[in-house]
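Down below is the structure, laid out as structure tokens.
In each ligand, atom 1 is the first atom listed, and ligand 1 is the first ligand listed.
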Amino acid sequence: AEPRLVAVRATRISPRLSLLVLRDITERERVEQMRRDFVANTSHELKTPVGAVSLLAEAIESAADDPPQVRIFAGRLTAEAARLSQLTSRIMHLSRLQSADELTEARVVSIDEVVAAAIDAHAIAAASAGVELVRGGERGLHVRGDSQVLSEALGNLVANAIAYSPSGSRVGVGVKLADGVVEVAVADRGIGIAEGDQDRVFERFYRADDARSRRTGGTGLGLSIVKHAVQRHGGEVRLWSRPGRGSTFTVRLPLTDPPDDIPRKKPRKK
Ligand code: ADP
């Protein structure tokens, strides 16, 4: 964007000379606008589950002399509360990722471990959806960053691949090195994403198929978290998809040398 300059201080140095201190407010305004939008659509998204929780609490109160009814309402209350708690922790996670001081503690991270953690975290979901998770590609690659943040981001992609795929299909997680960039691709043969939605799915709270996403427990924050987590690592996310054919999300991160205590594949000759 064009810089927009405002004067923050003017000092008269001599009758004919003044010193003007200027500041570019474009970036600050953009950040401020983002924050306002975030608060606005977060509040909007929280309204529905909060409303459901209070309605169910009222229902339980008025059904006090009907224990079977109370049990049903209480079960739904528990489910809504769990959803609310997932939503708030995702909102906090995203807000931390968007703030500047996230990755101060970057370490050398093993991609093998990140991929394994992402797959393990969703193995049960995959099994109950009848989806087979397959890990392929290169081993022994490293990047610099926060392994927790990375495995959660990759886990979001795996969770989506499972959620938007039919039973009996396969989800592949493949690792590849291309020109100093580690590429981790999560590929499914699921419902796919229409071309017009492909950029928008990375926006927070955006759902291409609202009803289905809510049914699968979606918050519309998963891909937004992925995008910010990967950008924090100096990387990017790419998406290929065709409706009815499937989707492939590729996380690209700069390669790093392995830590000193792990031997390289081909040790250098002395
Ligand atoms: P959600 O929690 O709703 O899954 P995400 O931010 O993770 O939110 O994804 C945003 C939307 O992108 C989803 O609601 C869904 O419509 C679409 N989407 C994400 N991943 C996939 C996928 N692997 N296949 C098809 N659609 C997907």
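Residue contact check: L221 has heavy atoms under 4.0 Å from atoms 6 (O), 8 (O) of ligand 1. Residue L223 approaches ligand 1 through these ligand atoms, each under 4.0 Å from one of its heavy atoms: 5 (P), 6 (O), 7 (O), 9 (O), 10 (C), 12 (O), 19 (C). Distances below 4.0 Å separate heavy atoms of G220 from the following atoms of ligand 1: 1 (P), 2 (O), 3 (O), 6 (O), 8 (O). For ligand 1, the atoms sitting less than 4.0 Å from at least one non-hydrogen atom of G222 are 5 (P), 6 (O), 7 (O), numbered in the order shown with element in parentheses.
Of the N or O atoms in F249, none lie within a sub-3.5 Å distance of an N or O in ligand 1. Some N or O of T219 is nearer than 3.5 Å to an N or O of ligand 1, by distance alone. Checked by distance only, ligand 1 and R90 stay at 3.5 Å or farther apart across all their nitrogen or oxygen atoms.
If you chain together hydrophobic residues whose side chains sit under 4.5 Å apart, V230 and L255 fall into the same group.
Using a 4.5 Å cut-off on side-chain heavy atoms (C-beta onward), T42 and L87 make no contact. With a 4.5 Å cut-off on side-chain heavy atoms, L239 and F202 count as touching. For the pair D257 and V108, the minimum side-chain heavy-atom distance is 4.5 Å or more.
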Exercise for the section: List the steps and the verdict of salt bridge (charged side-chain N to carboxylate O under 4.0 Å, His left out) for K47 and E45. Expected result: CA-CA 6 Å; K47 260 187 198 150; E45 288 292 324; over 6 Å; no
Practice task
Go through the steps for T219 and R90 under the test side-chain hydrogen bond (donor to acceptor under 3.5 Å, both in side chains), then give the verdict.
Solution key: CA-CA 8 Å; T219 57; R90 288 196 145 192; 3.1 Å; yes
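Checked by atom type and distance alone, the side chain of S169 never pairs as donor or acceptor with a backbone atom of S165 at under 3.5 Å. Using a distance-only test at 3.5 Å, with no hydrogens or angles considered, a donor-acceptor pair links the side chain of R232 to the main chain of L97.
Residue A208 holds the heavy atom nearest to atom 16 (O) of ligand 1 of all those in A208, A163, A194, P243.
Ligand 1 has at least one atom lying under 4.0 Å from a heavy atom of D188. Proximity of G190 to ligand 1 is not established, as no heavy-atom distance is less than 4.0 Å.
Between E138 and K176 there is no salt bridge, since no side-chain nitrogen of the basic residue lies less than 4.0 Å from a carboxylate oxygen of the acidic one.
Counting heavy atoms under 4.0 Å from ligand 1, residue S247 touches it through the side chain alone. Counting heavy atoms closer than 4.0 Å to ligand 1, residue Y206 contributes backbone atoms (N, CA, C, O) but none from C-beta onward. If you look at I193 next to ligand 1, the close heavy atoms, those under 4.0 Å, all belong to the side chain.
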